[in-house]
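Count residues from 1 along the sequence. One-based numbering, in listed order, for ligands and for the atoms of each.
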Amino acid sequence: MFRLAFTVVFLATEILPGISQQTVFNSEGHTNSQWTTFPHPITRVAVIGAGPAGLQAAAHLLEANLTVRLFERAPSPGGNWFYTEETPIREAYPETNPQSPEDLPASYPATRYYEEGEGGIALEERWRGHWHPRPVWYTLHTNSPAAMTRLPGVQHPPDTPWRLSVHNVERHVRAYASLHGLNSNDKPSSPPYSPIAAYATRVEAMQKCNETATWTLTLRRLEWLPESKRLKATYWTENFDAVVIATGHYTTPYVPSIKGIGNWSAAIEDGRHSIYHSQSFRHEERYAGRTILIVGASVSSTEIARTIAPFTNRLIASVQPNKNRDARGFDILFGFPEKSEVVPEISSFEPLRAGDTGIKKGKIVLNNGTVIEGVDEVIFATGYRPTHLGGPGTIDSLHWTGHYIHDPTLAYAFTGRTWSHGPYQSLAFAKVWTGKARLPSREQMWQDHQSKKYQFGSPLDVLPQEALTRQWVAWLNSESLEFGGKFVEPSPAETREVLVYYFNTHWRHDLFSHENFTWLDNLPRSEWPTAQKNGLDGQELAW
Ligand SMILES: Cc1cc2nc3c(=O)[nH]c(=O)nc-3n(C[C@H](O)[C@H](O)[C@H](O)COP(=O)(O)OP(=O)(O)OC[C@H]3O[C@@H](n4cnc5c(N)ncnc54)[C@H](O)[C@@H]3O)c2cc1C
Ligand SMILES: *[C@@H]1O[C@H](CO)[C@@H](O)[C@H](O)[C@H]1NC(C)=O
Ligand SMILES: *[C@@H]1O[C@H](CO)[C@@H](O)[C@H](O)[C@H]1NC(C)=O
Ligand SMILES: *[C@@H]1O[C@H](CO)[C@@H](O)[C@H](O)[C@H]1NC(C)=O
Ligand SMILES: *[C@@H]1O[C@H](CO)[C@@H](O)[C@H](O)[C@H]1NC(C)=O
Ligand SMILES: *[C@@H]1O[C@H](CO)[C@@H](O)[C@H](O)[C@H]1NC(C)=O
């Protein structure tokens with residue numbers, strides 16, 4: 001929850017053409033009540049993404065007896081936490097517009113086979129392009145404490161440290177998937193695949209049909225055919241009454257456009273490029289004895305810097321001035337290790353000479369005129385681009401519940417709220433679509449939206465986040481009084497204490513205290529603090 005970076009990315013944007021939003025339901029047209037109504041009952045719901053958010057959504061929708069399909073492009077659940085040695089397809093330098101999607105077939109269902117090297121593309125590259133390996137490294141540990149990084153109904157083992165390894169979180173999320181029959185190795189209950197979860201299956205496009213008021217998802221599943229050494233792609237479509245988008249935010253790397261970057265990015269040494277985005281960082285040992293320049297001053301850059309520091313010969317960190325910087329120029333939240341030489345931004349990479357291998361002989365000019373030489377490798381830990389399935393603007397039109405205000409049969413799970421608010425939000429999806437909780441009228445939802453109330457804010461906006469929790473609990477429980485259903489609980493008092501202790505020790509001393517929570521508890525809603533900024537507005541993200 002806290003480190004969240006707030007971008008909202010949608011997904012496979014690099015491959016998704018985006019939703020064509022053709023129908024806007026007019027709730028006012030159906031009734032003049034103060035609540036939003038749907039044009040027909042909702043029975044079939046698609047969930048896109050099997051990370052912690054999508055799994056929770058699927059679990060709640062199933063519990064409400066809806067017909068659910070869960071689509072995940074990766075071969076296994078876990079989302080961001082599914083660690084593999086495989087890395088994403090290397091990013092382009094300079095950044096290019098998202099690639100256009102591979103041609104979709106003219107009709108469905110359809111099948112396509114790929115041979116090794118076909119079109120100049122290796123099979124393993126097609127496979128990685130399809131599922132997009134995660135931007136996490138082998139020794140990554142969470143910056144959120146275990147008590148706040150967990151899913152309902154599954155426990156971390158008793159001796160689990162507060163900072164969880166990526167592997168701890170992966171096991172935890174997979175345990176949750178298994179608990180709900182959503183794991184990739186759960187026995188299919190009807191051949192050949194589970195009727196609920198479809199792994200290695202990417203949503204290529206979504207379209208709303210005007211006549212039927214249903215969503216059509218275009219799907220592509222990729223399978224290895226080891227006997228014939230081929231990949232098989234199957235394309236088909238399925239229709240749904242409602243859709244949850246839970247595709248996470250860290251898919252499209254952001255790389256600053258610095259003069260000369262294209263030339264440097266082409267350099268190869270020992271069969272490897274010398275410039276990578278942090279999404280491909282896996283093991284620190286390979287930096288042994290080398291001079292590394294890391295770019296960026298956020299969570300990934302400082303954590304990767306600390307991880308590789310003991311191995312490197314020299315470690316240089318190029319950072320943009322920002323308001324979290326302390327007197328030494330370090331980001332006070334996530335300091336760089338002692339060893340790093342913090343330098344200003346890069347103004348250019350001077351052209352390499354023909355025949356040079358690698359970048360070691362190249363000159364890097366900083367924007368204060370200083371020239372750096374002798375760098376073996378550059379890591380861009382510059383975060384991610386907001387991209388999202390709905391296309392530009394969709395994410396700016398969400399109610400605090402995650403429903404798309406123009407058409408609340410579409411809802412987004414918020415990455416920033418996965419652990420703390422995910423349990424409430426996913427229950428709300430199920431309740432709203434089965435008529436067990438009411439969404440306000442379209443007009444009221446826009447008003448809520450404009451008021452900037454109930455927004456998540458930055459990772460340090462702890463009190464606005466707590467205020468949002470109060471809002472969730474109050475709303476869900478009052479709807480349960482009206483329509484039946486179990487009550488939900490606020491987060492336990494111990495969890496708050498953990499949060500206070502953890503923040504003050506790991507992040508910033510005296511950031512906030514127990515009393516801040518008590519103060520909030522006693523405030524009427526009209527006086528709740530609002531977030532500094534909407535956590536959903538798109539900028540490059542911190543990671
Ligand atoms: C380096 C790094 C460190 C982090 N550390 C922390 C931490 O310490 N604590 C913390 O709370 N959070 C941390 N996060 C944030 C992390 O994103 C959340 O913890 C959490 O994983 C968000 O869950 P999610 O389900 O919303 O998204 P994700 O976990 O990203 O899952 C989204 C899923 O959607 C799938 N998908 C996307 N597009 C499609 C498509 N078109 N078709 C089918 N499937 C699709 C993806 O394959 C993915 O499995 C970190 C993130 C990064 C990048
Ligand atoms: C669907 O309906 C909208 C709004 O009525 C209209 O603008 C659009 O052209 C329609 N699309 C199709 C494909 O009929
Ligand atoms: C779902 O269906 C089961 C079996 O028919 C029933 O026992 C249960 O009450 C239903 N749950 C809800 C929330 O309607
Ligand atoms: C430019 O930055 C470098 C690295 O921080 C520093 O050593 C140098 O003194 C700076 N030069 C000027 C002119 O400020
Ligand atoms: C970089 O540019 C120079 C000058 O144009 C060229 O000679 C060199 O081959 C380029 N290097 C790479 C790796 O593309
Ligand atoms: C917590 O309370 C203290 C003392 O009242 C106050 O100075 C501080 O700003 C509060 N912190 C937050 C995050 O609201």
Within the structure, does N263 bring an N/O atom to less than 3.5 angstrom of an N/O atom in ligand 5? yes
Are there protein heavy-atom neighbours of [atom] below 4.0 Å?
atom                    : answer
atom 5 (O) of ligand 5  : no
atom 11 (N) of ligand 3 : yes
atom 14 (O) of ligand 3 : yes
atom 1 (C) of ligand 3  : yes

Identify the closest protein heavy atom to atom 3 (C) of ligand 5: which residue and atom is it, and at what distance?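 Result for atom 3 (C) of ligand 5: L352 O, 3.1 Å.
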In this structure, atom 9 (O) of ligand 5 is nearest to the protein heavy atom A354 CA, 3.8 Å
Answer yes or no: does atom CD of E489 have more than 12 heavy-atom neighbours from other residues, nucleotides or ligands under 6.0 Å?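 Open.
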Under 6.0 Å from the CZ atom of F483, do we count more than 12 heavy atoms belonging to anything else shown? yes
Does ligand 6 come near enough to S513 that some N or O of the ligand is less than 3.5 Å from an N or O of the residue? no
Contact atoms of ligand 3, heavy-atom distance to N65 under 4.0 Å: 1 (C), 2 (O), 3 (C), 8 (C), 10 (C), 11 (N), 12 (C), 14 (O)
Could you list which atoms of ligand 3 come closer than 4.0 Å to a heavy atom of E63?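 The list of qualifying atoms is 11 (N), 13 (C).
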Taking N504 for its side chain and V500 for its backbone only, find out whether a donor-acceptor pair lies under 3.5 Å. yes
Carboxylate-amine/guanidinium contact [X] [Y], below 4.0 Å:
X    : Y    : result
R286 : E377 : yes
D376 : K360 : yes
R128 : E86  : no

Quick one about H273 and S265 (side-chain donor to acceptor, distance below 3.5 Å, no hydrogens or angles considered), yes or no?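 No, because no side-chain N or O of S265 sits under 3.5 Å from a partner of the opposite role on H273.
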Under 4.0 Å from any heavy atom of A267, which atoms of ligand 5 are there?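 Near A267, meaning under 4.0 Å from one of its heavy atoms, ligand 5 has 13 (C).
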Ligand 5 atoms in contact with A266 (distance to a heavy atom under 4.0 Å): 13 (C), 14 (O)
Under the ring pair (Phe, Tyr, Trp, His ring centres under 6.0 Å) test against W264, which residue among Y93, F380, F349 passes? F349
